[in-house]
Structure formats: C-alpha cells, structure tokens
There are 2 protein chains.
Amino acid sequence: MQDAPKKRRKRPPLSPEGIETAALALINREGLAGFSMRKLGAELGCEAMSLYHYYPSMGHLMDALIDRIARQYLPMPPASLPWRERLRAFCIRWRAVALANPGFFGFLATHRMNTPTALRAIDGVIALIREGTASDEEAARLFRALGYYLMGAGLDETAGYSRGPSTVAPVPAAEMARDYPAVTAAAPWFAPAAREATFLMGLDAFLDGWLGARGQPGV
Amino acid sequence: MQDAPKKRRKRPPLSPEGIETAALALINREGLAGFSMRKLGAELGCEAMSLYHYYPSMGHLMDALIDRIARQYLPMPPASLPWRERLRAFCIRWRAVALANPGFFGFLATHRMNTPTALRAIDGVIALIREGTASDEEAARLFRALGYYLMGAGLDETAGYSRGPSTVAPVPAAEMARDYPAVTAAAPWFAPAAREATFLMGLDAFLDGWLGARGQPGV
DNA sequence: TCGAGCTGCCTTACATCGTAAGGTAGTGAC
DNA sequence: GTCACTACCTTACGATGTAAGGCAGCTCGA
C-alpha cells in the first residue's frame, strides 16, 4: 500500500531562509496573534517540532526575523546627498519597511534589538547622525528622540491606537459627532491617505526644530 | 471535618475595581508575558473562571485596563497656563503614566484605544491642540505626529528596542567597542538617567519646529 | 415558611500553545 | 557492513483562554 516507495520528497528541504520568509508572510497575513509554530509548520509542510532543528525556540526564530528586517536598514542613502536629505531618506525607508511588515512591526517595536545585524544598522544610523551633529551627545540624543518618532509612526500605521485589535465595538458616527466633536473634526486627516503627509510634516518639523536651535554644522 | 461551618468569607468579594487594580499590578510586576487569567485569579484568591463573571473575556479585561489608564489623561493642565505650556505639561504626564505602568504600556501602544474614556481623553487632547493651531487640519496632523513621538518615547522607556525581551545574549563591552563604535560613543547618553532630558529636548524641538514654521496663533 | 429565581463563584473539560525527550529513516565514510 | 550524522517526526506534558454547567447562599413574593 505504500504509494511513496522511497522517501517522500514532496517539498524542498527546510532552511532558515525559507522558514523565516514563511514566518514573516504568515505573521503579516494573520497577525501576530494568529502565528504559532504549528501553523508555521503546516505552512511549510512539516511538523512544528522540525523547526526546532533550526531554532532553539520560538524566541530565537523571532530574533532571526528581527535580524532579517534590520538587514533592510543596512544600506545607507548615497553619500552624495546632503546630510539632512540622507537622514530624511532613511526615515522614509524606515516607514516603508514598517508598512511592508504590518503584522510583525508590533513585535519589533516592543522587543530588544540586539542581534548582530540590528546592532550594525543602529551603528550605521548613529554614525550618519553623528556626521551632521556637533557632538557625540547631540548625536546620541537626536538618534534616540528621532527613534521615538519613527517607532511611534510605524506602530500607529500598523498596530497602534487606531488600528490595533480591541473588543470594543466601534462607536456609531452619530454618537461620535455628539460626544467627541474634536475627534470628529479631526477625522478627515486621520484617514490612511493622509498619513504619509502627516508623517513627513512631523518629521520635517522635528528636524527643523532640532537643527534650527543648533549650529547645524552638517547642513 | 468542616472547619468552616458556614460560607468561607476569607476574602473581600470580587469587584471590577479590585480585579483591575490587581491585574495592572500583576502585569507591571511580572510583565505582559507573565500575566494570565489563572495567575490573576490566584492573586485575588479566586478561580480563573470567576473573573469571567465580570468580563466576557480577557480582551475585555484588557480594554478595561486601557480605560483605566486613559482616565489618568482626562484632567487637563490649568487653563491659566500659556497654551504651549499646557500641551507640554500633558506630554510630560503622558510619559509619567507610561513609566508608572512599564509592563502594560507595551500592550497599550499596540492596541486600539476606543473605549469611552480613551475616546474622551483623545477628544480632550485634540481640543487642547486645536486651541493653539490655525485649522482643524493642522490640529489633526499635530495630534497625530505628536502622538507618534509620545508613543515611541513611552515604548522605548518601558519595552522598546533597548529594554524589551530577547533571546540574544548581550554583546560584551570589548566587542561592542570594536564592532559598533558609533553605538559605543553614544552609549553614555542612552543611560536611564539621561532619558528625561532627551525626551524633553526632542519634545521641545518638535514643538519648536512645528509651531515655528507656522503662525503660532496660540502662543 | 417556603420555594423560585438570582448572584457569585467554582468544577470540569477541551482545543491550542511552546517545547522536552526520544525515535527513525536516509546518507555518506570507511 | 556498520557507524555516525543529519533531517525530520512522534509522543507527551504543563500552561493557556474559555465554553458549559453546577451549586450554595441571598432576596423576595405568596
């Protein structure tokens, strides 16, 4: 009755590359809550436990995913551009990667990023910032504060206070207009189509404010 | 053998108030991953299922916690202060509440906030911002962009890329200095003691930049 | 006084989760 | 031939959220 006389090679062998690609795809499709080792195994045509041959635990897999996302932040904008343009371009890429990984970004934002690639990417960004700032201190603080903005922006557009899960039913429009007039007045500019402009306005305001109050040696 | 002849009233009866207080305390003490309905029950001296008498599901409990945190954002700074000072004071309180709820903030930042109290708080902030801006559009965009900064700052100081969990062992100092020189140079200003100043510098830079490029009618 | 209904909490059970422990089939070396 | 090794699977365990139903004590109308 053996219809597969030899070893069943019905699928390509597993590999970290394939596992991580499938994991990211699954997370971005189903959301973080919809992810599990068993579902990932099913996706890949193997048992959940087979994945433990490649990663000691799910946490290690997740760290590998962080590493993989961080890889997209390694290449720096061309040095021919003015410094501020380079920094701006990096921030825009940050947002694009976040939007491309909506399911995973919530995880990334709430977990430590100390994999080798993530550290290299962070090091690269700090070095870039250092070029246009007057001291190590200013570079450190600008990196941090700019990071706050970028982290919050990515989160908001993927899983934040307006898009994340909730058990509460959405408030009907009529009640909304009556009880929350300020929210209602602002709502048109909360639409997804308005988000890119808001992101850029905030980014430029932040850079203007930070660099304007200082000597801006790098501009 | 019954040592408790009548009904055992060895603890006060359950209540939403008590459940939510215990839940927040547990989450802030053990972290989000260390929280479960059974552990919360144990903390309160009841079974996990007893909690379902007060909340249809754990998600509803979590939404109640969001509502409870949002309550702390309802009172607005005194109207006697200049507009910008009021906005600034609100942002500082935002950070304080985040720091007071380190375990829960990671949840709050990645979930929808549409409970009644949260909506009222958001409405209040937008109304405050509207006072000092020239249009509904500007108020909406400033609220959003400022929210990015605040969300990222709270996250970073409670669960973010430098404090969250990870399976990767911390990089030794020697290797750090050799492979990540920019991070090493910046490290002194990444220390917890430096964070408040960084937060305020970023906040003021952002407000300067946003308001400076415009008419600043409210200042 | 008596039950009927209600409130508050508990018991049991189930599907799903991460993963520890160990097995097994195929492959290459000698 | 057999030995070691790689790649993957099987089984099992404890923990989780929660559906379904039970049960004891209170309140209230008759």
Side-chain angles (χ1 to χ4, degrees), chain A residues 1-20 22-23 26-27 29-66 103-104 107 111 165-168, chain B residues 1-20 22-23 26-27 29-66 103-104 107 111 165-168:
Chain A
M1 229 223 287
Q2 66 276 30
D3 40 12
K6 299 285 269 178
K7 167 192 192 176
R8 287 92 53 85
R9 182 157 296 282
K10 51 178 68 156
R11 60 157 170 75
L14 296 175
S15 71
E17 176 76 20
I19 292 173
E20 290 161 23
L26 180 57
I27 291 175
R29 178 156 37 87
E30 310 282 342
L32 252 187
F35 174 83
S36 77
M37 295 298 267
R38 287 179 227 254
K39 285 180 190 164
L40 177 55
E43 199 90 350
L44 289 160
C46 72
E47 295 303 312
M49 287 311 289
S50 306
L51 302 169
Y52 287 83
H53 188 70
Y54 298 87
Y55 306 93
S57 75
M58 188 171 75
H60 289 80
L61 205 203
M62 290 307 213
D63 271 325
L65 297 187
I66 286 184
F104 188 66
F107 180 87
H111 285 75
S166 165
T167 63
V168 181
Chain B
M1 227 223 288
Q2 65 276 31
D3 40 12
K6 296 286 266 178
K7 166 190 190 178
R8 287 94 52 85
R9 181 156 298 280
K10 53 178 66 158
R11 61 158 170 76
L14 295 176
S15 71
E17 177 76 21
I19 292 174
E20 290 161 23
L26 180 57
I27 291 175
R29 178 157 36 86
E30 309 281 342
L32 252 187
F35 174 83
S36 77
M37 294 299 266
R38 287 179 227 255
K39 285 179 189 162
L40 177 55
E43 199 90 348
L44 289 160
C46 72
E47 296 302 312
M49 286 312 289
S50 305
L51 302 168
Y52 287 83
H53 187 70
Y54 299 86
Y55 306 92
S57 74
M58 188 171 74
H60 288 81
L61 205 205
M62 290 307 213
D63 271 326
L65 297 186
I66 286 183
F104 188 65
F107 181 87
H111 285 75
S166 165
T167 63
V168 181

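Below, chain A is the first sequence line, B the second, and so on; all start at residue 1. Predicted, not measured: the structure shown is a model, and the values here were computed from it.
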Provide, to the nearest angstrom, the distance between the [atom1] atom belonging to [X] and the [atom2] atom belonging to [N].
{"X": "Met58(A)", "N": "dC17(C)", "atom1": "CE", "atom2": "P", "result": "10 Å"}
{"X": "Tyr52(B)", "N": "dT12(C)", "atom1": "OH", "atom2": "C1'", "result": "15 Å"}
{"X": "Leu40(B)", "N": "dC9(C)", "atom1": "CG", "atom2": "P", "result": "13 Å"}
{"X": "Tyr55(A)", "N": "dC8(D)", "atom1": "OH", "atom2": "P", "result": "12 Å"}
{"X": "Leu51(B)", "N": "dG17(D)", "atom1": "CG", "atom2": "C1'", "result": "12 Å"}

Contacts under 3.5 Å, N or O only, protein and nucleotides 9-12 of chain D:
unit_1: dC9(D); atom_1: OP2; unit_2: Glu47(A); atom_2: N; d: 3.0
unit_1: dC9(D); atom_1: OP2; unit_2: Ser50(A); atom_2: OG; d: 2.1

His60(B): side-chain hydrogen bond (donor to acceptor under 3.5 Å, both in side chains) partners, not counting sequence neighbours: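 In terms of side-chain hydrogen bond (donor to acceptor under 3.5 Å, both in side chains), with neighbours along the sequence ignored, His60(B) is linked to Ser57(B).
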
Any chance you could measure [X], atom [atom1], to [Y], atom [atom2], to the nearest 0.5 Å?
{"X": "Asp63(B)", "Y": "Phe107(B)", "atom1": "CG", "atom2": "CZ", "value": "6.5 Å"}
{"X": "Met58(A)", "Y": "Leu65(A)", "atom1": "CE", "atom2": "CG", "value": "10.5 Å"}
{"X": "His53(A)", "Y": "Ile19(A)", "atom1": "NE2", "atom2": "CD1", "value": "9.5 Å"}

For the side chain of Lys39(B), counting heavy atoms from C-beta on, which of dT18(D), dT6(D), dT16(D) is nearest? dT16(D)

If you compare all heavy atoms of Tyr55(B) against all heavy atoms of Leu61(B), which two are closest, and at what distance to 0.1 Å? CD2-CA, 3.8 Å

Has His53(A) got a side-chain N or O lying under 4.0 Å from the OP1 or OP2 atom of dC8(D)?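 For dC8(D), neither OP1 nor OP2 has a side-chain N or O of His53(A) closer than 4.0 Å.
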
side-chain N/O Tyr54(B) vs dC9(C) OP1/OP2, d < 4.0 Å: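 Looking at the OP1 and OP2 atoms of dC9(C), one of them is under 4.0 Å from a side-chain N or O of Tyr54(B).
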
Let me check something: any side-chain donor-acceptor pairs from residues 39-52 of chain A under 3.5 Å, sequence neighbours excluded? List them with distances.
unit_1: Lys39(A); atom_1: NZ; unit_2: Gly34(A); atom_2: O; d: 3.2
unit_1: Glu43(A); atom_1: OE2; unit_2: Arg29(A); atom_2: NH2; d: 2.3
unit_1: Ser50(A); atom_1: OG; unit_2: Glu47(A); atom_2: O; d: 3.4

